[in-house]
Peer 1: 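Submitted below is the structure of interest, expressed as structure tokens.
Counting convention: from 1, in listed order, for ligands and their atoms alike.
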Amino acid sequence: MKQIVLSGIRPTGKLHLGNYLGAIRDFVKLQEECKCFFFVADWHSLTTLDDFSELRKNSFEIVMDFLAAGLSPGKCTIFLQSDIPEIAELALLLSMFQPANELSTLPTYQDVIAKKPNKNNAGLLYYPILMAADILAHKAHLIPVGRDQEIHIRVARDIARRFNNRFGDTFPIPQTFEKESIKVPGLDGTEKMGKSEDNDILLTDSPDIIRQKIAIAVTDTSRKHLCDPGNPFICNLFAMHELVSSENTVEEIKIGCKTAKIGCLECKKMLSSSIIDLLMPFQEKRKKFATNPNLVKEVLHYGRLKAKKNAKKTLNEVREKMGLSSF
Ligand code: TRP
């Protein structure tokens, strides 16, 4: 039997290169070997949203990104979380298998309320249970997520175990999918590319914008002049070269930087062109969907039918075991 893979992305804004290299590129590979479910976690994004007016548009954009990156409705199931209300009912039922006090101690919860005290809503506390329902509804085995989400996979695992202990084998115990840990650094010299202005490259940035963003990106700050040798291993842009440039280019930069033969300016030009080469085919394909929104809607419609059927089956099984099947 094929392994079942599932992952979701919250529609909190446009996707960037970090999302692509760190997640979506893996999804595209996984759809070839496994039974995959990829969805837009729009309910989860409600927990931290200030402005709801862009949510629907952002969700649609993510689906276009999925498709442009190469996810195919013939190979995997692509859907919107809020299209499957069965997940909400399953989350309610599964919440009976989760101690309440543990939820408020999770670092993910603590982090959000430390940064945004006004987001101390019950939905945020409930976040891991909803995520467990996403996973268990499809009886998924492997969950490709970033490090920050591992704790939530643990919660899903605990819930699955408690349920199985009580009612017999129902759910496989989900595991985090260990990909080679790809870290996409930020353009501002920080460790991780995130959603902020001087830190990311959006998948939809034009070549000009890409060049501008790279031009002002932070490099090895101790290298002030072209004749100073640089240290590629502490330079975020070299780390990016390693992710997007050819082996030859990477070698050339590594040596050129250390020996002061290649300056930051030239290194940046080469990096921009590698990123542009990587993103142009993606953007071309994305245009096709942007000008044909009905294609995207069809994908979502089809995904909704498939995901719903599967979630309903699991929900009925859980209802029955818990004494809730209707008369
Ligand atoms: N919480 C995840 C994130 O922010 C998104 C998500 C929601 C998810 N449900 C999921 C990921 C289920 C994997 C499986 O990245």
Side-chain angles (χ1 to χ4, degrees), residues 3-16 18-27 30-31 34-49 55 58-59 62-63 65-66 71 76-88 90-91 94-95 98 103 106-112 115-116 119 121 123-160 171-179 181-184 192-195 303 307 310-311 314:
Q3 292 281 89
I4 299 175
V5 171
L6 174 139
S7 194
I9 293 192
R10 280 178 304 140
T12 50
K14 293 195 161 174
L15 295 187
H16 52 66
N19 300 120
Y20 178 70
L21 297 173
I24 300 178
R25 206 167 54 165
D26 286 321
F27 296 177
L30 283 163
Q31 69 174 347
C34 304
K35 182 171 176 185
C36 293
F37 295 87
F38 299 116
F39 66 97
V40 181
D42 52 353
W43 277 338
H44 275 108
S45 70
L46 299 177
T47 57
T48 51
L49 218 56
L55 179 58
N58 286 344
S59 295
I62 292 201
V63 181
D65 289 334
F66 277 174
L71 289 185
C76 65
T77 305
I78 300 169
F79 64 100
L80 209 60
Q81 185 183 36
S82 64
D83 268 346
I84 321 290
E86 283 78 4
I87 304 287
L90 186 63
L94 294 177
S95 74
Q98 172 59 44
L103 294 173
L106 293 179
T108 36
Y109 173 75
Q110 294 287 344
D111 278 357
V112 176
K115 284 189 202 129
K116 303 182 172 181
K119 291 299 174 196
N121 59 67
L124 184 67
L125 196 65
Y126 202 82
Y127 188 116
I129 297 179
L130 181 57
M131 198 162 147
D134 289 328
I135 295 168
L136 301 180
H138 298 289
K139 302 198 173 185
H141 304 101
L142 295 176
I143 320 297
V145 282
R147 272 272 148 75
D148 60 319
Q149 294 295 313
E150 268 174 24
I151 189 101
H152 292 152
I153 310 299
R154 203 204 72 206
V155 172
R157 220 167 14 241
D158 290 346
I159 291 178
F171 300 114
I173 306 302
Q175 308 291 337
T176 307
F177 171 68
E178 298 287 345
K179 26 184 185 174
S181 153
I182 286 185
K183 262 220 215 133
V184 185
K192 191 174 167 192
M193 185 173 287
K195 286 170 183 150
N310 217 29
T314 306

Peer 1: Considering only heavy atoms, does Phe39 approach ligand 1 within less than 4.0 Å through its side chain, its backbone, both, or neither?
Peer 2: side chain
Peer 1: Rounded to the nearest 0.5 Å, how far apart are CG of Leu130 and CG of Leu124?
Peer 2: 11.5 Å
Peer 1: Can you report which non-hydrogen protein atom sits closest to atom 4 (O) of ligand 1, along with the distance?
Peer 2: Arg10 NE, 2.9 Å
Peer 1: For the residue pair His152 and Tyr127, does the interplanar ring angle fall in the parallel (under 30°), tilted (30 to 60°) or perpendicular (over 60°) class?
Peer 2: tilted
Peer 1: What's the shortest distance from atom 12 (C) of ligand 1 to any protein heavy atom, and which residue and atom give it?
Peer 2: Met131 CG, 3.6 Å
Peer 1: Roughly how far, to the nearest 0.5 Å, is the CG atom of Leu30 from the CG atom of Leu6?
Peer 2: 11.5 Å
Peer 1: Compare Asp134, Thr108, Thr12 and give the one whose heavy atom is closest to atom 9 (N) of ligand 1.
Peer 2: Asp134
Peer 1: Hey, what do you get for CD1 (Ile173) to CD1 (Ile135), rounding to the nearest 0.5 Å?
Peer 2: 11.5 Å
Peer 1: When the ring centroid of Phe39 is compared with that of His138, is the distance short of 6.0 Å?
Peer 2: no
Peer 1: Of the choices His152, Gln149, His44, which has the non-hydrogen atom that lies closest to atom 3 (C) of ligand 1?
Peer 2: Gln149
Peer 1: Please could you name the atoms of ligand 1 that Ile143 approaches to less than 4.0 Å, counting only its heavy atoms?
Peer 2: 13 (C), 14 (C)
Peer 1: Show me which atoms of ligand 1 lie under 4.0 Å from any heavy atom of Ala41.
Peer 2: 7 (C)
Peer 1: Of all the atoms in ligand 1, which lie at a distance below 4.0 Å from a heavy atom belonging to Val145?
Peer 2: 11 (C), 13 (C)
Peer 1: State the CE-CG distance between Met193 and Asn19, to the nearest 0.5 angstrom.
Peer 2: 9.5 Å
Peer 1: Can you tell me how far apart CG (Leu94) and CD1 (Ile159) are? Round to the nearest 0.5 Å.
Peer 2: 6.0 Å
Peer 1: Tell me which protein heavy atom sits closest to atom 5 (C) of ligand 1, plus the residue, atom name and distance to 0.1 Å.
Peer 2: Gly8 O, 3.4 Å
Peer 1: Okay, side chain of Gln81, backbone of Asp42: is any donor-acceptor separation there less than 3.5 Å?
Peer 2: yes
Peer 1: In terms of atom number and element, which parts of ligand 1 are under 4.0 angstrom from non-hydrogen atoms of Tyr127?
Peer 2: 1 (N), 2 (C), 3 (C), 4 (O)
Peer 1: Only heavy atoms of Leu6, strictly under 4.0 Å: list the atoms of ligand 1 that pass.
Peer 2: 12 (C), 14 (C)
